[in-house]
Amino acid sequence: MAGEIVEKGIVLKAQEGRVVVGVKRMVRGSFGRITVRTTKLYADDSRRISSVGDTVVVRFTHPISSSKRWRLVEVVTKVGTTVGGAQNA
């Protein structure tokens with residue numbers, strides 16, 4: 001869809017129905033140095049499909065509450081899942 005604002009980031013905090021997604025962006029300073037800044041986006045996760053550390057895609061939408069302006073679209077990668085189902089202890 002044209003005009004749709006979509007961001008990809010990492011879940012920093014997960015609560016009931018809400019996730020905080022950190023999106024990294026590059027900023028050029030006054031002396032030409034490039035730094036990485038993180039913007040926090042508050043997204044709606046009513047299905048509770050994400051957890052802390054997951055890489056997710058969020059989409060800008062109408063205001064859901066006083067802070068939530070984003071909706072969770074999909075979980076790209078889950079934390080703790082490895083090939084073969086074995087996890088490190």
Side-chain angles (χ1 to χ4, degrees):
M1 293 183 167
E4 192 173 88
I5 300 173
V6 177
E7 294 286 342
K8 182 178 179 181
I10 298 174
V11 176
L12 303 176
K13 190 176 193 181
Q15 296 174 339
E16 290 187 18
R18 178 177 81 169
V19 292
V20 180
V21 179
V23 177
K24 294 188 187 252
R25 58 190 172 91
M26 306 286 263
V27 177
R28 185 177 300 273
S30 59
F31 294 106
R33 179 172 296 199
I34 296 175
T35 57
V36 177
R37 298 262 174 105
T38 303
T39 302
K40 288 196 265 183
L41 306 175
Y42 296 90
D44 182 48
D45 184 19
S46 57
R47 296 180 292 163
R48 298 181 186 153
I49 58 174
S50 65
S51 59
V52 176
D54 293 347
T55 303
V56 296
V57 175
V58 292
R59 180 185 49 167
F60 190 73
T61 183
H62 61 84
I64 299 167
S65 69
S66 62
S67 61
K68 290 189 285 190
R69 302 292 191 268
W70 298 83
R71 189 174 299 268
L72 185 71
V73 176
E74 68 173 322
V75 177
V76 179
T77 57
K78 294 285 285 179
V79 168
T81 58
T82 58
V83 178
Q87 293 184 354
N88 295 335

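Just the heavy atoms: all of them, side chains too, but no hydrogens, waters or symmetry mates, feed the values below.
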State, yes or no, whether a side-chain contact exists between Ser67 and Arg18 at a heavy-atom distance under 4.5 Å.
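Contact flag for Ser67/Arg18 side chains = yes.
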Heavy-atom distance under 4.5 Å between the side chains of Arg69 and Tyr42, does that happen here?
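Result no, sub-4.5 Å side-chain heavy-atom pair not found.
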Is there a donor-acceptor contact under 3.5 Å from the side chain of Asp54 to the main chain of Lys78?
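Here the side-chain-to-backbone pair does not exist.
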Inter- and intrachain pairs under side chain to side chain donor-acceptor pair (under 3.5 Å), touching residues 19-37, at least two apart:
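Every side chain to side chain donor-acceptor pair (under 3.5 Å) pair that includes a residue of residues 19-37, provided the two are not neighbours, is Arg25-Thr39.
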Whichever hydrophobic residues join Val52 through chains of side-chain contacts under 4.5 Å
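Taking Ile, Leu, Val, Met, Phe, Trp and Tyr as members, Val52 stands alone, with no cluster partners.
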Taking the side chain as C-beta and beyond, is there a heavy-atom pair between Ile49 and Leu72 under 4.5 Å?
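Yes. Closest side-chain heavy atoms under 4.5 Å.
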Non-hydrogen side-chain atoms of Arg71 and His62 separated by less than 4.5 Å
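Arg71 reaches His62 side chain to side chain.
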Between Val56 and Ser50, what is the shortest heavy-atom contact and its length?
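For Val56 versus Ser50, the nearest heavy atoms are CG1-CB, 4.2 Å.
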For Gln15, does the CD atom have more than 12 heavy-atom neighbours from other residues, nucleotides or ligands under 6.0 Å away?
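It does: Gln15 CD has more than 12 such atoms within range.
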Non-hydrogen atoms of Gly9 and Val23 that approach each other most closely:
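Minimum heavy-atom contact is CA-CG2, 4.4 Å.
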State, yes or no, whether a side-chain contact exists between Ile5 and Trp70 at a heavy-atom distance under 4.5 Å.
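Side chain of Ile5 against side chain of Trp70, heavy atoms only: contact under 4.5 Å found.
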Minimum-distance pair of heavy atoms, taken over all atoms of Asp44 and Gly17:
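Heavy atoms of Asp44 and Gly17 come nearest at OD1-O, 3.1 Å.
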Would you call Leu41 and Glu7 a side-chain contact if the rule is heavy atoms closer than 4.5 Å?
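Of all side-chain heavy-atom pairs linking Glu7 with Leu41, at least one is under 4.5 Å.
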Is Val6 linked to Val21 within one hydrophobic cluster, defined over Ile, Leu, Val, Met, Phe, Trp and Tyr using a side-chain heavy-atom separation of less than 4.5 Å?
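Hydrophobic grouping puts Val6 apart from Val21.
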Do you reckon Val36 sits in the same ILVMFWY cluster as Val27, going by side-chain contacts under 4.5 Å, direct or chained?
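Different hydrophobic clusters.
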